[in-house]
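Notes for the one structure printed next.
None of the values given here were measured: they were computed from a predicted structure. Note on naming: letters A, B, ... go to the chains in the order of the sequence lines (proteins, then strands), and numbering restarts at 1 for each one.
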Protein chains: 2
Amino acid sequence: MDGNAPEIKRGRKYAQVVAGARKVFLAEGFEGASVDHIAREAGVSKATLYSYFPDKRILFFEVAKEECASQADRALQVDRTDLPVREMLSHMAHSMMEFLTSDFAQRIFRICVAESDRFPELGQEFYMSGPQLMEDRLSDYFSHAVARGELKIDDVRLAAQQFEALMKADIFVKKVFNILDKPEPEQVDRVIDGAIETFLARYGA
Amino acid sequence: MDGNAPEIKRGRKYAQVVAGARKVFLAEGFEGASVDHIAREAGVSKATLYSYFPDKRILFFEVAKEECASQADRALQVDRTDLPVREMLSHMAHSMMEFLTSDFAQRIFRICVAESDRFPELGQEFYMSGPQLMEDRLSDYFSHAVARGELKIDDVRLAAQQFEALMKADIFVKKVFNILDKPEPEQVDRVIDGAIETFLARYGA
DNA sequence: GTCTGTTTAGACCAATCGGTTCAGTTTCGA
DNA sequence: TCGAAACTGAACCGATTGGTCTAAACAGAC
């Protein structure tokens with residue numbers, strides 16, 4: 001994590017500042033969050049804040065980057081390779097679904113989409129630690145499953161992207177656009193079971 | 001809620017105002033667009049603008065709503081029911097893909113995602129005239145195809161959602177997060193052909 | 001030509017913003 | 001205990017914002 005940032009001076013209250021910024025940015029977005037508000041929330045003077053970060057954009061970028069990185073950790077670990085494929089897929093999908101529909105993930109997603117025009121690097125950072133990471137892990141698992149003869153896949157990356165897309169169908173989009181508040185368990189099961197069924201129809205051994 | 005807006009007075013230069021607002025909002029987003037800029041772009045005085053729209057939010061909402069509605073028309077028409085299923089799916093997917101990856105659609109998507117916190121109705125409007133519309137049209141087509149014995153589908157809506165998700169896999173997400181500028185034709189073919197293959201593996205007759 | 005409603009340019013307002021400055025206080029290692 | 005570095009709080013700045021107001025110019029129907 002500690003790739004030393006190029007021009008960011010760290011001081012005693014560095015963590016406080018970032019924590020405060022995290023809270024306010026997450027709640028208000030980039031434009032919506034005022035520096036005064038952040039400083040107040042962080043329990044720190046504005047002068048201190050500006051002694052760490054040359055300007056607001058860099059503070060935001062730092063927060064967003066940390067957030068994207070931590071997202072990677074919160075995402076599921078795929079370890080239970082002993083399970084049958086069907087159960088394994090179900091387990092991964094449910095785990096991912098829970099994260100993706102959380103208010104936290106939704107807020108990050110929203111902000112990254114919104115600000116990735118202003119900060120192209122931010123969008124890329126998010127993609128790498130979000131969808132790309134998921135794709136990598138799925139690819140790994142699929143490769144092993146293919147080697148064990150449990151799946152038959154020609155293009156592993158495409159298969160991973162497809163499964164990712166299938167399990168997000170309906171619910172994720174509806175959440176993003178406020179059509180859905182909290183998805184019902186049976187609704188989740190319908191989408192995930194459907195995703196697995198379709199996926200295995202093509203790639204099942 | 002259809003028809004004439006409740007409190008919006010229309011005057012001679014109404015169309016100009018909306019056109020100017022459309023241009024600036026699309027380019028700058030809600031916060032980024034200043035009312036002065038919009039008025040200048042529309043070739044209209046700020047007083048005139050405010051005589052039509054009580055405030056900026058309502059102007060934005062009006063523009064966004066019109067934009068969502070027109071999006072519906074730009075989206076593909078599904079008429080060629082004579083084609084074989086595989087060609088039909090390919091035709092629809094390519095048509096949708098071209099629209100979805102256009103700068104225009106991307107900008108609208110970005111704005112709707114970003115502002116659907118501030119304007120929940122906006123997100124819903126977008127969903128209805130975007131993903132939902134697509135789902136409806138696909139559902140219609142699938143139903144007929146099932147009736148003709150060309151497809152075997154138990155849950156038509158889920159199948160539509162799945163096809164929509166499959167054809168957007170990889171490319172759409174990468175476009176949103178600035179990983180991809182303009183997708184290569186062979187990349188598009190790979191995703192779409194893969195989507196059709198997977199879809200038909202499950203639902204083909 | 002007159003009359004009525006629309007439109008105009010721009011001055012104006014209060015609020016807020018990001019960012020700076022500085023004199024004074026706190027912290028903490030040596 | 002001393003002194004440098006970190007931190008504070010608030011005043012301050014220039015720019016920009018959404019929104020109002022006014023007095024004059026303009027439009028089209030009669």
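- D:dT17 atom P lies 11 Å from atom CD of B:Glu31, rounded to whole Å.
- For C:dT7, the OP1/OP2 oxygens have no side-chain nitrogen or oxygen of B:Lys13 closer than 4.0 Å.
- Salt-bridge check for A:Glu197 with B:Arg202: failed, with every basic side-chain N at 4.0 Å or more from each acidic carboxylate O.
- Using a distance-only test at 3.5 Å, with no hydrogens or angles considered, no donor-acceptor pair links the side chain of B:Ser90 to the main chain of B:Arg86.
- Closest approach to the A:Ala47 side chain among C:dG18, D:dG9, C:dT8 is made by D:dG9 (side chain taken as heavy atoms from C-beta onward).
- B:Phe30 has its CZ atom 12 Å from the C1' atom of D:dT17, to the nearest Å.
- Remark: B:Tyr52 is in phosphate contact with C:dT7, judged by side-chain N or O atoms under 4.0 Å from OP1 or OP2.
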Under the side chain to side chain donor-acceptor pair (under 3.5 Å) rule, what do A:Arg110 and B:Ser116 come out as? Steps first, then yes or no, please. CA-CA 9 Å; A:Arg110 228 182 278 278; B:Ser116 74; 2.8 Å; yes
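- Looking at heavy-atom distances under 4.0 Å, A:Gly32 makes no contact with the nucleic acid at all.
- Residue B:Ser34 is classed as a sugar-phosphate contact, given heavy-atom separations below 4.0 Å to backbone atoms only.
- Rounded to whole Å, atom C1' of C:dC28 lies 8 Å from atom CZ of A:Arg12.
- Between the CZ atom of A:Arg40 and the C1' atom of D:dG9 there is a distance of 13 Å, given to the nearest Å.
- In the interface, the side chain of B:Lys56 is not paired with the base of D:dG19 through any donor and acceptor atom under 3.5 Å apart.
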Just do the salt bridge (charged side-chain N to carboxylate O under 4.0 Å, His left out) check on B:Asp136 and B:Arg157 with the steps written out, would you? CA-CA 8 Å; B:Asp136 290 344; B:Arg157 299 216 75 86; 2.7 Å; yes
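- Atom CD1 of B:Ile38 is separated from atom C1' of D:dT16 by 15 Å (rounded to the nearest Å).
- Nucleic acid contact class of B:Ala39 (heavy atoms, under 4.0 Å, all strands): none.
- For D:dC7, the OP1/OP2 oxygens have no side-chain nitrogen or oxygen of A:Ser45 closer than 4.0 Å.
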